[in-house]
Amino acid sequence: MTTEPTEPTDSAESVAATASTATTTGFTADLFASDGRLKAIPRRPARRTALLDHLAATLFEPARAYTEREVNEALKTVHDDFPALRRHLVTGGQLTRTKDGAAYRRQQPTGPLAGATPTAP
């Protein structure tokens, strides 16, 4: 009996699996267990920022608005303390939130490290 391969889905689980695979940088790869879940939220600002950048890039599409529930569901796939991750993503600038908390959006990186080509003086 042969089975047909299934199409990849855009579910939070499949996106979370991507968050811990080869797309992780050497800087963040050691933060994930073999099951794809985050071991701990780093305390050092540089490591936490690298992790948050990675999570934002792998869990959230840039042009899409997300409800708080959708953000929570995506973050639950990688760590139990999803409220802390959500708060860090907002305070770190990776996600923006409307004043009423109804919608979240992924922020595009800005500045010279975001792929902008520096101009000559």
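Values below: every heavy atom of this structure, side chains too, minus hydrogens, waters and symmetry copies. Computed from a predicted model, the values in this text were never measured in an experiment.
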Practice problem: Apply salt bridge (charged side-chain N to carboxylate O under 4.0 Å, His left out) to Arg105 and Glu61, showing your working. | Solution: CA-CA 8 Å; Arg105 286 188 183 274; Glu61 297 173 29; over 6 Å; no
Exercise. Verify salt bridge (charged side-chain N to carboxylate O under 4.0 Å, His left out) between Arg48 and Asp53, making sure each step is shown before the conclusion.
Key: CA-CA 9 Å; Arg48 185 171 47 229; Asp53 289 345; over 6 Å; no
Quiz item: Would Leu38 and Leu51 count as a side-chain contact (heavy atoms from CB on, under 4.5 Å) if you check the C-alpha gap in whole Å, the side-chain angles of each, and the deciding distance to 0.1 Å?
Solution: CA-CA 10 Å; Leu38 186 61; Leu51 170 68; 3.7 Å; yes
Quiz item: Given Arg86 and Glu68, is the salt bridge (charged side-chain N to carboxylate O under 4.0 Å, His left out) satisfied, shown in steps?
Solution: CA-CA 9 Å; Arg86 186 185 66 238; Glu68 184 170 322; 3.7 Å; yes
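Put simply, OG1 on Thr96 and CD on Gln107 are 4.5 Å apart, with the number rounded to the nearest 0.5 Å. Atom CZ in Arg97 sits 11.0 Å away from atom OG1 in Thr91 (nearest 0.5 Å). Considering CZ of Arg87 and CZ of Phe82, their distance stands at 11.0 Å, rounded to 0.5 Å. Taking CG of Leu52 as the start and CG of Leu89 as the end, the distance is 5.0 Å to the nearest 0.5 Å.
Take Ala102 and apply the side chain to side chain contact (heavy atoms under 4.5 Å, CB included) test, not counting sequence neighbours, and it matches Thr98, Asp100.
Residue Lys76 comes nearest to Arg37 through the heavy atom pair O-NH1, 2.7 Å, listed as atom of the first residue, atom of the second, then distance. Pairing each heavy atom of Tyr66 with each of Glu70, the nearest pair is CA-OE1, 3.3 Å.
Both the sub-6.0 Å distance and the 45° axial angle are not jointly satisfied by Arg106 relative to the ring of Tyr104.
With respect to Arg47 and Asp30, a salt bridge is recorded, a charged nitrogen being found less than 4.0 Å from a carboxylate O.
Leu75 is not listed as a side-chain neighbour of His79, based on a closest heavy-atom distance of 4.5 Å or more. Between Leu55 and Val78 there is a side-chain heavy-atom pair separated by less than 4.5 Å.
In this structure a side-chain-to-backbone donor-acceptor pair under 3.5 Å is present from Thr77 to Ala74.
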